[in-house]
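A note on names: the letters A, B, ... follow the listed sequences, proteins ahead of strands, and every chain is numbered from 1. The model shown is predicted, which means the values in this text are computed figures rather than measured ones.
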2 protein chains.
Amino acid sequence: MRIGELSRRTGIPTRLLRYYEEQGLLTPVRLANGYRDYADRLVDRVEQIRGLLDAGLPTRVIREVLPCTDNPCTITVTDASDELVGLLEAERDKMDARIECLARNRDAIAAYLRQVEAARKR
Amino acid sequence: MRIGELSRRTGIPTRLLRYYEEQGLLTPVRLANGYRDYADRLVDRVEQIRGLLDAGLPTRVIREVLPCTDNPCTITVTDASDELVGLLEAERDKMDARIECLARNRDAIAAYLRQVEAARKR
DNA sequence: TCGAAGGTTCACATCGATGTCAACGTCAAG
DNA sequence: CTTGACGTTGACATCGATGTGAACCTTCGA
């Protein structure tokens with residue numbers, strides 16, 4: 001599919017799809033006329049990218065993370081440099097911390113909302 | 001404590017502590033000489049703010065969220081406008097989505113790292 | 001008393017993500 | 001053949017978070 005359809009399907013402006021490509025997060029093939037051609041599976045990838053961006057990861061990190069979340073890429077297990085492994089471990093730990101922080105605050109909000117609701121019943 | 005010590009304790013530059021105040025996330029009292037004076041408990045608050053910022057929440061949202069995560073503020077349950085309640089529910093749901101996305105990707109990274117390690121043992 | 005350390009405000013710079021616009025090429029339908 | 005929808009690249013603008021520096025005030029210890 002071309003960029004317009006991908007944009008419609010994902011709700012992400014074409015501007016950003018091009019930006020993600022520039023950042024190395026998305027690599028559509030080019031048609032003879034120069035148009036970008038996106039495989040269907042890239043819809044999911046775009047959503048994954050959005051999720052990670054929304055969760056606060058910079059594109060630089062997402063670029064490292066994406067390959068290891070691709071099933072087919074699990075084959076490339078062996079060519080992971082020590083450096084990359086270290087980076088990924090650090091990133092995993094940061095994500096743990098973020099998850100914990102988010103969860104704690106979400107729980108606090110949820111508890112608060114429950115109290116509000118309880119108070120309104122009276 | 002004054003801003004320098006808070007900065008040392010939290011590792012956050014004074015510039016940002018002032019910025020958080022400007023954004024309404026932190027409200028130190030002022031000493032006679034105009035210096036900011038931070039209560040001890042604000043150390044925790046700063047860390048909470050950092051966690052939420054790192055998790056991708058903008059200061060605008062954090063400002064709404066913080067009050068409901070303060071225990072003493074649970075007393076103010078009654079003065080929650082419908083609007084705020086809706087905003088908080090939406091925010092809670094977004095946080096849910098972020099947590100899920102982060103967890104999925106962290107799990108993928110963790111699985112990848114385990115594979116790498118297994119491959120290296122051989 | 002003087003200087004260093006740390007505080008204040010204000011302004012401007014930077015950086016990443018995103019919006020917007022200009023100038024132009026491609027393609028399908030009337 | 002032309003028009004309109006859609007694509008291309010490139011430049012510049014904006015917005016939020018953060019860095020940096022100037023000009024100035026306060027406190028404290030030599």
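Phosphate proximity of C/dG7 to B/R36: absent, as no side-chain N or O sits under 4.0 Å from OP1 or OP2. Listed pair A/R18 / D/dT8 meets the phosphate criterion, a side-chain N or O lying under 4.0 Å from OP1 or OP2. The phosphate of D/dC6 (OP1 or OP2) has no side-chain N or O of A/R2 nearer than 4.0 angstrom.
Nucleotide D/dA5 holds its P atom 13 Å from the CZ atom of A/R8, rounded to whole Å. To the nearest angstrom, P of C/dG7 lies 12 Å from CE of B/M1. What separates OH of A/Y35 from C1' of C/dG25 is a distance of 7 Å, to the nearest Å. Distance, B/Y38 OH to C/dG6 C1': 13 Å, rounded to whole Å. Atom CG of A/D37 and atom P of D/dT8 are 11 Å apart (whole Å). Whole-Å rounding puts the A/L17 CG to D/dC6 C1' distance at 14 Å. In this structure, A/L31 places its CG atom 14 Å from C1' of C/dG25, rounding to the nearest Å.
At a threshold of 4.0 Å, the pair B/E5-B/R9 counts as salt-bridged, since one of the basic side-chain nitrogens sits closer than that to a carboxylate oxygen.
Taken together through direct or relayed side-chain contacts under 4.5 Å among Ile, Leu, Val, Met, Phe, Trp and Tyr, A/L87 and B/Y112 form parts of separate hydrophobic clusters.
Comparing C/dT9, C/dT26, D/dT26 against the side chain of A/N33 picks out C/dT26 as the nearest.
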(request) Indicate for each nucleotide in nucleotides 14-21 of chain C, in 5' to 3' sequence, whether protein heavy atoms under 4.0 Å reach the base (B), only the sugar-phosphate (S), or nothing (-). (result) --SBBBB-
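Residues forming a salt bridge (charged side-chain N to carboxylate O under 4.0 Å, His left out) with B/D54 (at least two apart in sequence, or on another chain): B/R50. Listed by chain and residue number, nothing satisfies the side chain to side chain donor-acceptor pair (under 3.5 Å) test with B/D107 (two or more places apart in sequence, or in another chain).
Side-chain N or O atoms of B/D37 include one that pairs as donor or acceptor with a backbone N or O of B/M1 at under 3.5 Å.
Looking at heavy-atom distances under 4.0 Å, B/R30 makes contact with sugar-phosphate atoms alone, never a base.
Considering every non-hydrogen atom in both B/L52 and A/C101, the closest pair reads N-SG, 3.7 Å.
For the salt bridge (Lys or Arg N to Asp or Glu O under 4.0 Å) with B/E21, the qualifying choice from B/R45, B/R63, B/R36 is B/R36, the only one to do so.
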